[in-house]
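To start, the structure itself, in structure tokens.
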Amino acid sequence: MAENLVARQLTDGSKPKHAQLREILEEICATQLSPGDMLPGERVLEETYGVSRITVRRAIGDLVAAGTLKRARGKGTFVAPSPLVSRLNLASFSSEMSAQHLKASSKILLAARGHAPKDVQSFFDSDAAHTHLRRLRLGDDRPYAIDDGWYNSTFAPGLLENDVYNSVYAILDNEYGMPVTDAEQTATAINADEETGKLLDVEPGTALLRIVRQSFSGTKPIEWCTSLYRTDRYALKTHVSRTRDSGHPATDSAISGA
């Protein structure tokens, strides 16, 4: 990559040199590099563009803050993947990936029947054994999220006999006639622990998006799922409007699912 850089002396003027270098690096990321590719080293950038180490670090820092680049401790600086943007609709993870032209896949971390936690039992209104499915969700073989879901065995008793590597929502709809029609979810922030960090390929302590979702098929409670998302690969988007009667903002959103 370094040999393809075109030497260029940045000039003093109304636009600071770090801003000029940032624009050059943005163009390189967009036209010469792909997500996951390493950026040339700081010394190479200093010599190629005739700037100081401070200028290089500020330009790179701006691009890291913007999500264009990502630093890996002890390895270098890399082009960051474009985050998957969820518009919070009732679509499966597989469908969302397909919409972003990414290949969805899963790694099964746990698949069993057992007694759910008390809050899940209360939601299902049943203390029977239910299906517990924990999956690492991948896009183009890169980790995006961990889904830890419980599924109501009253309505989907043989769920694990199906291909749960793919969309569980499609199975609920096609095999059991229980399409997920509504859901409520709560989004919070959480820091990755050592196990989660290893699965998602992030450092322990990295901020993650945590979404707890309770899903219904009509009036029937069908799913309780806790998902942990990498914030550099997943973003939420909602539409907020002003209601006519109260004058308070109202959020127009739906749910992204399994």
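Just so it is clear, the model here is predicted, and its values are computed rather than measured. Note that the numbering runs from 1 along the sequence shown for the chain.
Ala187 approaches Ile211 most closely through the heavy-atom pair CB-CG1, 4.1 Å. A pairwise comparison of heavy atoms in Leu69 and Val79 identifies CD2-CA, 4.0 Å as the closest pair.
Looking at Ser167, its side chain does come within 3.5 Å of a backbone N or O of Ala170 through a donor-acceptor pair. A side-chain donor-acceptor contact under 3.5 Å links Asp37 to the backbone of Ser34. Remark: side-chain polar atoms of Asn152 are paired, donor with acceptor, to backbone N or O of Pro221 under 3.5 angstrom. Within the 3.5 Å criterion, the main-chain N or O of Ala129 finds a donor-acceptor partner in the side chain of Ser153. Distance alone, capped at 3.5 Å, is enough to place a donor-acceptor pair between the Asp163 side chain and the Tyr165 backbone. Here the side chain of Asp173 pairs no donor or acceptor atom with the backbone of Tyr169 at under 3.5 angstrom. With Glu194 contributing its side chain and Pro204 its backbone, the two residues share no donor-acceptor pair below 3.5 Å. Looking only at distances, no side-chain donor or acceptor of Gln214 sits under 3.5 Å from a matching main-chain atom of Gln185. The main-chain N or O of Thr55 is found under 3.5 Å from a side-chain atom of Ser52 such that the two form a donor-acceptor pair. Looking only at distances, no side-chain donor or acceptor of Ser106 sits under 3.5 Å from a matching main-chain atom of Arg137.
Arg43 CZ: 12 or fewer foreign heavy atoms inside a 6.0 Å radius.
Partners of Glu203 under the salt bridge (Lys or Arg N to Asp or Glu O under 4.0 Å) rule, at least two apart in sequence or in another chain, do not exist in this structure.
A salt bridge does not link Asp140 with Lys103: none of the charged nitrogens is closer than 4.0 Å to a carboxylate oxygen. Salt bridge Asp147/Arg134: absent, no basic N to carboxylate O contact under 4.0 Å.
Taking the centre of each ring, Tyr151 and His130 stay at or above the 6.0 Å mark.
Proximity of Asn191 to Thr206: side-chain heavy atoms (C-beta onward) are nowhere separated by under 4.5 Å.
Paired with Glu42 under the rule salt bridge (charged side-chain N to carboxylate O under 4.0 Å, His left out), one option of Arg57, Arg58, Arg71 passes, and it is Arg57.
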Worksheet item: Given Glu223 and Arg213, is the salt bridge (charged side-chain N to carboxylate O under 4.0 Å, His left out) satisfied, shown in steps?
Response: CA-CA 8 Å; Glu223 174 199 44; Arg213 180 174 59 254; 3.4 Å; yes
Practice prompt. Report the C-alpha separation of Thr77 and Met38 in whole Å, then their side-chain angles, then the decisive distance to 0.1 Å, and conclude whether the side chain to side chain contact (heavy atoms under 4.5 Å, CB included) test is met.
Written response: CA-CA 6 Å; Thr77 303; Met38 181 183 290; over 6 Å; no
Item to complete: Step by step, work out the side chain to side chain contact (heavy atoms under 4.5 Å, CB included) result for Asn162 and Tyr176.
Response: CA-CA 11 Å; Asn162 296 274; Tyr176 297 99; 3.5 Å; yes
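At a threshold of 4.5 Å between side-chain heavy atoms, the hydrophobic network of Ile, Leu, Val, Met, Phe, Trp and Tyr places Leu21 and Val44 in one connected group.
Using the six-membered ring where Trp is involved, Phe123 and Trp224 have ring planes that are perpendicular, over 60° apart on the 30 and 60° scheme.
The CD atom of Glu175 sits 10.0 Å away from the CD atom of Glu161 when rounded to the nearest 0.5 Å.
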